[in-house]
Amino acid sequence: MGPARRFVSSGAPPRRSRGPLIASVATALALLAGCGGGGDSGGGRNEDGSVTITMGLYGVMGYAETDLLERYEAENPGVTIEAEVAGDEQTYYTALQTRLAGGSGLKDIQGIEIGRARELVETQAARFADFAGMAGTDHFLPWKLPQVTTPDGQVIGLGTDTGPMAICYRKDMFEAAGLPTDREEVGALWSDGWEGYVDVGEQFMTSSPDGELAYMDTSSGLFNAMIYGHPEQFYNAEGDLIYEDNPVVDEAWGLASRAAESGMTAALRQFQPGWDPGLANSTFATTVCPAWMLAHIQEKAGPDNAGLWDVAPAPQGANWGGSFLGVMEDSPVKEEAMDLVAWLTAPEQQAYLFEELSIFPSSQEALDSEAVRGGTSEYFSGAPIGEIFAAAAEEIPDEVVLGRKDGTIKDAFSQGLQQIEAQGESPDGAWDAVVENVERAVG
């Protein structure tokens with residue numbers, strides 16, 4: 001196989017590139033795994049003393065979409081970085097699990113999504129390098145690194161972003177429905193809670209002159225937003241499954257089911273087929289949007305919709321998403337890869353990613369910077385996104401319980417709500433299907 005290209009995308013091309021960065025579409029993850037050379041993790045040391053560091057990423061983490069990797073190479077002669085980007089995190093994680101089980105095809109650096117963090121901490125910690133005590137890594141929010149820390153203190157990765165939430169909405173659609181468009185007035189519509197957000201949806205569907213428009217993209221976004229505002233969701237601190245008896249989950253399911261049955265949703269699962277065209281074709285008026293979602297909306301909704309979107313505070317602050325970068329313990333360039341991860345997650349680079357792509361920092365130092373606090377978005381009508389998301393971040397619970405199968409359970413609930421929206425299933429029938437799927441997945 002020929003020389004590896006610097007940025008390879010599996011599932012979707014990188015959303016944004018700068019300068020001479022090149023994006024290429026691969027046809028098979030299995031073929032890509034054999035291209036890196038240098039052993040289990042793909043990268044390695046070359047005869048001339050230079051090193052190649054490979055990265056496995058997903059979605060829009062910001063590294064392949066900006067010039068950060070190119071800058072690091074320029075500042076560190078003899079280092080070459082090759083990043084493989086999967087558009088869909090579920091596809092990425094399935095491949096990562098396969099590679100961990102098979103002991104081959106792993107990259108030197110692997111992205112870790114928050115919903116998978118506890119499973120990797122509990123079952124695969126020995127495969128990851130330990131960042132505990134590494135110099136220059138004491139700037140994170142107090143709750144971030146504990147999410148990837150083992151009981152004996154090993155830290156399997158460093159934090160990239162967090163996901164404080166807001167509501168992204170279309171001003172033109174609100175105006176046509178007789179609703180306010182000023183972001184403070186819009187936020188006031190649902191300031192008493194998430195039920196107010198659904199109440200506005202019922203008003204929108206009654207008043208909108210375009211009968212084809214939906215109020216929100218999906219009820220699963222509403223469900224996620226509601227549960228992530230609480231310390232316990234699917235598991236308790238002892239590691240027991242509690243979702244069937246947790247009143248937080250019950251309340252979120254009830255309200256999301258109400259929205260799903262009402263016809264106010266476009267029945268589009270986020271980041272699944274149909275959602276991007278929904279943004280491009282302006283088929284819905286609102287979406288629950290963690291900070292990291294703004295870059296995706298901007299790209300997929302396109303320049304024709306610039307200035308039509310705006311951002312208002314959500315009914316309740318919560319954290320949806322957020323990732324980490326881990327380094328494989330047996331990487332032939334482990335030390336160099338750890339240095340790269342520390343640099344990419346440093347306050348300066350986190351602030352830069354917020355300025356470029358609205359990716360909200362997990363670094364307290366970056367969060368407190370003027371670059372973040374004073375950040376605005378021209379695409380989203382000049383919204384003070386730094387101020388809005390910083391305020392939401394301050395409401396995030398300090399201690400959120402993560403469970404081994406959080407990501408899998410969240411997917412099961414999304415599928416259940418999709419059954420109500422798109423297939424006409426009853427909430428009780430969909431709930432039974434969710435429980436069955438969770439029991440099958442968790443065992």
Side-chain angles (χ1 to χ4, degrees), residues 1-10 14 19-24 26 28-58 61-64 66-86 92 95-112 120 124-137 148 154-158 160 323-346 349:
M1 186 172 260
R5 292 163 178 153
R6 176 167 298 160
F7 298 108
V8 180
S9 168
S10 54
L21 303 190
I22 298 173
S24 303
L29 284 173
L31 292 176
L32 287 170
C35 291
D40 178 41
S41 295
R45 301 184 184 280
N46 304 312
E47 292 182 0
D48 62 0
S50 63
V51 300
T52 298
I53 304 172
T54 58
M55 301 181 71
L57 307 172
Y58 53 84
M61 299 185 75
Y63 307 119
T66 65
D67 63 350
L68 282 179
L69 301 185
E70 187 180 50
R71 281 170 47 193
Y72 190 83
E73 288 177 333
E75 295 174 13
N76 295 271
V79 173
T80 298
I81 306 166
E82 297 172 357
E84 175 184 310
V85 184
Y92 165 86
L96 177 59
Q97 288 179 302
T98 300
R99 292 168 178 178
L100 285 167
S104 64
L106 293 161
K107 306 304 179 186
D108 302 302
I109 298 170
Q110 295 281 175
I112 302 170
L120 291 177
Q124 299 288 348
R127 302 298 302 278
F128 287 87
D130 186 6
F131 283 92
M134 185 175 183
T137 62
V148 286
Q154 178 188 351
V155 180
I156 72 167
L158 296 182
T160 60
S323 299
F324 305 84
L325 292 176
V327 172
M328 305 316 300
E329 174 65 25
D330 61 358
S331 164
V333 290
K334 182 176 76 169
E335 298 303 323
E336 290 86 350
M338 292 179 72
D339 288 341
L340 172 58
V341 167
W343 186 86
L344 289 172
T345 60
Q349 280 63 257

Closest heavy-atom pair and its distance - L57, A83
CD1-CB, 4.2 Å
By the definition side-chain contact (heavy atoms from CB on, under 4.5 Å), identify the one residue from V148, L340, L158, L344 that meets it with L325.
L344
Testing V333, I81, T54, V341 for side-chain contact (heavy atoms from CB on, under 4.5 Å) with I109, which one passes?
V341
Could you tell me whether the side chain of F324 reaches within less than 4.5 Å of the side chain of V155, counting heavy atoms only?
no
M338 and A129: which non-hydrogen atoms are nearest, and at how many Å?
SD-CB, 3.8 Å
Taking all non-hydrogen atoms of both residues into account, name the closest pair between G44 and P332 and its distance.
CA-CG, 3.9 Å
Any side-chain donor near an acceptor of the partner, Y92 and E84, under 3.5 Å
no
Report yes or no: does E329 contribute a side-chain atom to a donor-acceptor pair with the main-chain N or O of A126 at less than 3.5 Å?
no
Measuring only between side-chain heavy atoms, which start at C-beta, is T80 closer than 4.5 Å to I53?
no
Do K334 and D108 have side chains that get closer than 4.5 Å, going by heavy atoms?
no
Working to the nearest 0.5 Å, report the span between OG of S331 and CD of E336.
8.0 Å
Looking at every heavy atom in both G111 and M61, which two are closest together, and how far apart are they?
CA-CE, 4.4 Å
Any side-chain donor-acceptor pair under 3.5 Å between Y63 and T160?
no
Quick check against the 3.5 Å criterion: does N46 have a side-chain atom that pairs as donor or acceptor with the backbone of D48?
no
Nearest 0.5 Å, what's the CD1-CG distance between I156 and L120?
5.5 Å
So, Q110 side chain and F128 main chain: donor-acceptor pair closer than 3.5 Å or not?
no
Does any part of the side chain of L100, heavy atoms only, come nearer than 4.5 Å to the side chain of R127, both counted from C-beta?
yes
For a quick test of reading the model, state the closest non-hydrogen atom pair linking Y58 to S323 and the distance between them.
OH-OG, 2.6 Å
